[in-house]
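Scope of the values below: all heavy atoms of this structure, side chains included, with no hydrogens, waters or symmetry mates. Below, read A as the first sequence line, B as the second, and so on, with proteins coming before strands; counting in each chain starts at 1.
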There are 2 protein chains.
Amino acid sequence: MNQKELTQHLKQVKTLCTSQGARLTPQREQVLSLIMRSKKPLTAYELLEGMRQEDKTPAPPTVYRALEFLQEQGLIHKLESLHAFVGCNHPEHPHAGQFLICTDCGEVNEVCNHELDKSLNAVEKNQGFNLQRPVIELLGRCASCQK
Amino acid sequence: MNQKELTQHLKQVKTLCTSQGARLTPQREQVLSLIMRSKKPLTAYELLEGMRQEDKTPAPPTVYRALEFLQEQGLIHKLESLHAFVGCNHPEHPHAGQFLICTDCGEVNEVCNHELDKSLNAVEKNQGFNLQRPVIELLGRCASCQK
DNA sequence: CCTAGAATGTTATAATGTAACAATTAAAAT
DNA sequence: ATTTTAATTGTTACATTATAACATTCTAGG
């Protein structure tokens, strides 16, 4: 996401947060911006590096707390298999993501397959299971990396 | 899995390994047994505790290597969202698992929904993605814990 | 037996994540 | 406006998960 897109995104996100009574503080906004600008998922410690100010990085809880907030607001997703975070492009309607993760180039693609959603619902129903957080991470090689 | 089932399972697994030219050494068998006997997923360090002999636990690489082997053979699955391992009940035909994970009681249920598989195939095809390892972990509350 | 490759042992350290408490800041109530 | 309450941030210390690198031992095959 480039600077222009980011500015637009942040504007939308701020509205969203206000309407939820959630505070997008400067620190949280900084973490979100780092994630949205990045082409690749970022780990907590990469984010800490990104937050460095004059040879001083914040302590880990700082970034973990911001990440927790951003996840709660549906502004970012955690990729469990990478211990890393990606931005969510459609925070306006909450959803759990489905991710294609290229193990070659590291690119991550969020998809939204409704058939897959239906299957998940079916599993829920069959098993009497109350699904709260689906983790769908598809590791493999993206189209470009197969050539 | 009780002792009787375990014995039977190990027998099958040994045949499987032999046919693959893979060696199920005593250490690997011990790790597999610990996992199969457990009702809950076990972390690497819990397994190390389980391997303790007279106040002496092996060093971490020991168990991580065994786990790597067992995963390669399709004898266990790693649950990324829990950093823990569960046994595979059907190692005879290799498959990636789909897991229902109860965040209340910790129970894990491996399911095999073919609709879901189909959806994954569809995503693959649509995106030209070569899926190598699907991570499907459904976190929520199991039927019993909802009462 | 000998030897090459596989498996294991050992040490050290990297990477990820959290608990607990103190200090500060912002929001709500009087 | 001031107080007071709750949310946020800072800080220290440490817990948990995981791997690199190299030494040693074992085992299957020649």
Side-chain angles (χ1 to χ4, degrees), chain A residues 14 17-32 34-35 40-73 75-86 103 106 135 137 139, chain B residues 14 17-32 34-35 40-73 75-86 103 106 135 137 139:
Chain A
K14 277 171 192 165
C17 282
T18 304
S19 77
Q20 303 288 318
R23 292 171 53 204
L24 189 71
T25 61
Q27 212 164 58
R28 291 165 175 174
E29 183 177 326
Q30 186 191 12
V31 172
L32 179 59
L34 286 167
I35 292 174
K40 304 277 166 71
L42 295 176
T43 67
Y45 282 76
E46 286 167 348
L47 286 163
L48 280 174
E49 274 310 310
M51 296 172 82
R52 175 187 290 280
Q53 300 279 349
E54 294 148 15
D55 287 1
K56 221 170 162 307
T57 58
T62 298
V63 74
Y64 279 103
R65 286 194 284 231
L67 290 168
E68 190 184 5
F69 171 86
L70 295 170
Q71 284 179 270
E72 281 166 4
Q73 301 306 314
L75 302 176
I76 63 173
H77 297 289
K78 177 170 191 181
L79 301 177
E80 295 289 348
S81 60
L82 301 182
H83 309 290
F85 300 84
V86 290
T103 50
V135 173
E137 301 178 11
L139 302 163
Chain B
K14 278 171 190 163
C17 281
T18 304
S19 77
Q20 303 287 320
R23 292 171 53 203
L24 189 72
T25 61
Q27 212 164 56
R28 290 164 174 175
E29 182 176 326
Q30 186 190 12
V31 172
L32 179 58
L34 286 167
I35 292 173
K40 303 276 166 72
L42 294 176
T43 68
Y45 282 76
E46 285 168 348
L47 286 163
L48 281 173
E49 273 310 308
M51 296 171 81
R52 174 188 292 281
Q53 299 280 348
E54 293 149 16
D55 286 1
K56 222 172 162 308
T57 58
T62 298
V63 73
Y64 279 103
R65 285 192 285 231
L67 290 168
E68 188 183 6
F69 171 86
L70 295 171
Q71 284 179 272
E72 281 166 6
Q73 302 305 314
L75 303 175
I76 62 173
H77 298 288
K78 177 171 190 179
L79 301 178
E80 296 289 348
S81 60
L82 300 183
H83 308 288
F85 300 84
V86 289
T103 50
V135 172
E137 301 178 11
L139 303 163

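Distances were taken from every side-chain heavy atom of A:Tyr64 (C-beta onward) to each of C:dA6, C:dG17, C:dA27; the shortest belongs to C:dG17. Between C:dA7, D:dT12, D:dG10, one nucleotide has an atom nearer to the side chain of A:Pro61 than all others, and that is D:dT12. Looking at the side chain of A:Ala59, the nearest of the listed nucleotides C:dA6, D:dT11, D:dT8 is D:dT11. Taking every side-chain heavy atom of A:Gln27 into account, D:dT9 is the closest of C:dA7, D:dT9, D:dT11.
Of the inter-residue distances, the one linking A:Leu70 atom CG with A:Leu24 atom CG reads 7.0 Å to the nearest 0.5 angstrom.
You'll find the side chain of A:Thr62 reaches within 4.5 Å of the side chain of A:Met51, heavy atoms only. Taking 4.5 Å as the limit, some side-chain heavy atom of A:Leu67 sits within range of a side-chain heavy atom of A:Ile35.
The pair A:Glu49-A:Arg52 meets the salt-bridge criterion, since a charged nitrogen lies less than 4.0 angstrom from a carboxylate oxygen.
Nearer to the 5' terminus of DNA chain C, by closest-nucleotide assignment, is the contact made by B:Pro60 (compared with the other of B:Pro60 and B:His83). Where B:Ala22 and A:Thr43 each meet DNA chain C at their nearest nucleotide, the meeting point lying more 5' is that of B:Ala22. Comparing B:Arg65 and B:Lys78, the nucleotide of DNA chain D nearest to each residue sits closer to the 5' end for B:Lys78.
Stacking between A:Tyr45 and C:dT16 is present: the aromatic ring centre lies within less than 5.5 angstrom of the base six-membered ring centre, and the two planes differ by under 30 degrees.
Within 4.0 Å (heavy atoms only), A:Pro58 reaches no atom of the nucleic acid at all.
Taking atom CG on A:Leu82 and atom C1' on D:dA18, their separation rounds to 15 Å, with Å as the unit. Atom P of nucleotide D:dT17 and atom CD of A:Glu80 are separated by 13 Å, given to the nearest angstrom. Nucleotide D:dT11 holds its P atom 12 Å from the CE atom of A:Met51, rounded to whole Å.
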